[in-house]
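Some notes on the structure that comes next.
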Amino acid sequence: MNRGIFITFEGIEGSGKTTQGRLLAQTLKNEGFKVFYTYEPGDTLAGRYIREILLNSEIKITPLCELLLYFADRAQHIEEKIKPHLEAGFIVICDRFTDSTIVYQGYVRGISIDLIEELNKKLFSQFIPDLTVLLDCSASIGLGRNKKANKKDRFEMETLSFHEKVREGYLELAKINKERFFVLDATESINVIAEKIYKKVKSLII
Ligand SMILES: Nc1ncnc2c1ncn2[C@@H]1O[C@H](COP(=O)(O)OP(=O)(O)O)[C@@H](O)[C@H]1O
Ligand SMILES: [Mg+2]
């Protein structure tokens, strides 16, 4: 497939994914690139309803239900948005993707990682990111930043040790997938991180 570039942003809550994803999108747009910025879960109409269930801590769901809702959201998201934009040659920047599912539902919630990877391979094997930016910082720093924003969804309600496990899961995944992961210290300044990401992305484009 002659297609655009697929870049995902991963990391714990408050690590700076949205900040950096949006900055990168804007910088590349300013340079004249066709850029499509998106996020998971919830960036389609069906996805917005799915997201509501996923993030509302008052709706009790099992880990398997949670996993399959993420897959449902992704199926819709890929078909409606990611695939057409990649086919049209866009740089697609996605805030969270399959790695989030492997880490949160697999490493942390304890669903078989083999099962998640098998499902992913069967359903979405064409949509492995060209680059995954992992913003790495401790849970206390990430959550500390988000506390200011007063977020209270299903994941923000979890304990510090939950988020430390998420961090470990990501680092493990980055070790296994060295060719596409770009791990950055998320405690550096927003501009320093943005510059490093920009340079990395430019090296992929040219
Ligand atoms: N490198 C950084 N240093 C300090 N604060 C940051 C940095 N990156 C992001 N922030 C701030 O931390 C908060 C969470 O950032 P955000 O991009 O929303 O994280 P995420 O999308 O990973 O949850 C925001 O208020 C943002 O301005
Ligand atoms: Mg965010």
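Note that the structure is a prediction, hence the values are computed from the model and not measured. First listed ligand is number 1; within each ligand, the first listed atom is number 1.
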Q: Spell out, as yes or no, whether a donor-acceptor pair under 3.5 Å connects the side chain of R180 to the backbone of T132.
A: no
**Q.** Atom of A25, atom of Y37 and distance for their closest heavy-atom approach
**A.** CB-CB, 4.2 Å
Q) Are any of the heavy atoms in G11 under 4.0 Å away from ligand 1? A) no
Q: Determine whether the side chains of Y70 and T98 contain a donor N or O and an acceptor N or O closer than 3.5 Å.
A: no
Q. Between F71 and F124, is the ring centre distance below 6.0 Å?
A. yes
Q.
Please work out, at 4.0 Å between heavy atoms, whether the side chain, the backbone, both, or neither of T187 comes within that distance of ligand 1.
A. neither
**Q.** Atom indices of ligand 1, in the order listed, that fall short of 4.0 Å to a heavy atom of I193
**A.** 1 (N)
Q) Within T19, is some N, O or S atom less than 2.8 Å away from the Mg ion (ligand 2)? A) no
Q) Would you say R145 has any N or O atom under 3.5 Å from an N or O of ligand 1, going by distance alone? A) yes
Q: Could you grab the distance from atom CG of N146 to atom CD1 of I141, nearest 0.5 Å is fine?
A: 13.0 Å
Q. Between the candidates T19, I12, I190, which shows the shortest non-hydrogen contact distance to atom 26 (C) of ligand 1?
A. T19
Q: Would you mind listing every salt bridge (Lys or Arg N to Asp or Glu O under 4.0 Å) that reaches into residues 38-50, with sequence neighbours excluded?
A: E40-R74, D43-K81
Q | F97/F6 aromatic ring centres below 6.0 Å | A | yes
Q.
So for ligand 1, is G16 a polar contact partner (N or O within less than 3.5 Å, distance only)?
A. yes
Q: Examine K17 against ligand 1 and note whether any of their N/O atoms are separated by less than 3.5 Å.
A: yes
Q. Atoms of ligand 1 less than 4.0 Å from A186 heavy atoms?
A. 1 (N)
Q) Purely on distance, is any nitrogen or oxygen of Q20 under 3.5 Å from one on ligand 1? A) no
Q. Counting heavy atoms only, which of L143, L23, N146, T18 is nearest atom 21 (O) of ligand 1?
A. T18
Q. With a 4.0 Å heavy-atom cut-off (strictly under), which part of E188 contacts ligand 1: side chain, backbone, both or neither?
A. backbone
Q) With sequence neighbours left out, what residues match Q26 under side-chain hydrogen bond (donor to acceptor under 3.5 Å, both in side chains)? A) N30
